[in-house]
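This report concerns only the one structure given below.
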Amino acid sequence: MVLCMWLVFISGLSFYATQDQLKKLFAPFGLVTSVNLVVDPRTKRPKGFAFVSYKSQIEAEKAMKAMNGRIVDGRLIFVEPANEK
DNA sequence: GCTGAGCGG
């Protein structure tokens, strides 16, 4: 995956979490190039998971170690490497 | 205001 940024998959999120909130949560660990909260296009409701991409792998790893298994917005979240399709 | 494993567009 040399052409894509380092994608991180975040699950277990509260349905009320926002992209801006995620950005603030993951910004301290590195340079966040994009934050994407996945929403169901039909129901317009959040699916409860998101993608965050960093500029380097080290930053992504720091974020994962720091945020995985942490309580965010009252929910336990899981942060792991994403499966780029 | 409601749900709860997963890998979007």
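Chain A is the first sequence line, chain B the second, and so forth, proteins listed ahead of strands; every chain is numbered from 1. The model shown is predicted, which means the values in this text are computed figures rather than measured ones.
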Exercise. What is the minimum heavy-atom distance between A:Leu37 and A:Pro46, and which atoms define it?
Worked result: CD1-CB, 4.1 Å
Exercise. With a centroid cutoff of 5.5 Å and a plane-angle limit of 30°, would you call A:Phe49 stacked on B:dG6?
Worked result: no
Problem set entry | Close side-chain approach of A:Leu22 and A:Asp20, heavy atoms under 4.5 Å | no
For this session: Under 4.0 Å between any heavy atoms, over every strand shown, what does A:Leu13 touch: base, sugar-phosphate, or nothing? Just pick one.
Result: base
For this session: Using heavy atoms to find the nearest nucleotide of DNA chain B for A:Asp40 and A:Lys47 separately, return the residue whose nucleotide is more 5′.
Result: A:Lys47
For this session: Look at the side chain of A:Phe15 and decide which nucleotide, out of B:dC7, B:dA5, B:dG9, has an atom nearest to it.
Result: B:dA5
Exercise. Closest heavy-atom contact between A:Thr33 and A:Ser53?
Worked result: OG1-OG, 2.5 Å
For this session: Answer with base, sugar-phosphate or nothing: what part of the nucleic acid does A:Thr43 contact at a heavy-atom distance below 4.0 Å?
Result: nothing
Problem set entry | Closest listed nucleotide, where the reference is the side chain of A:Pro41 and the choices are B:dC2, B:dC7, B:dG9 | B:dG9
Exercise. Hey, does A:Pro81 reach any base, or is it just sugar-phosphate, or nothing, if we go heavy atoms under 4.0 Å?
Worked result: base
Exercise. Nearest to the side chain of A:Asn83, which nucleotide is it out of B:dT3, B:dG9, B:dC7?
Worked result: B:dC7
Exercise. Short question: side chain of A:Tyr54, backbone of A:Phe26 - any donor-acceptor pair under 3.5 Å?
Worked result: yes
Problem set entry | Contact under 4.0 Å: A:Tyr16 side-chain N or O vs B:dC2 OP1/OP2 | yes
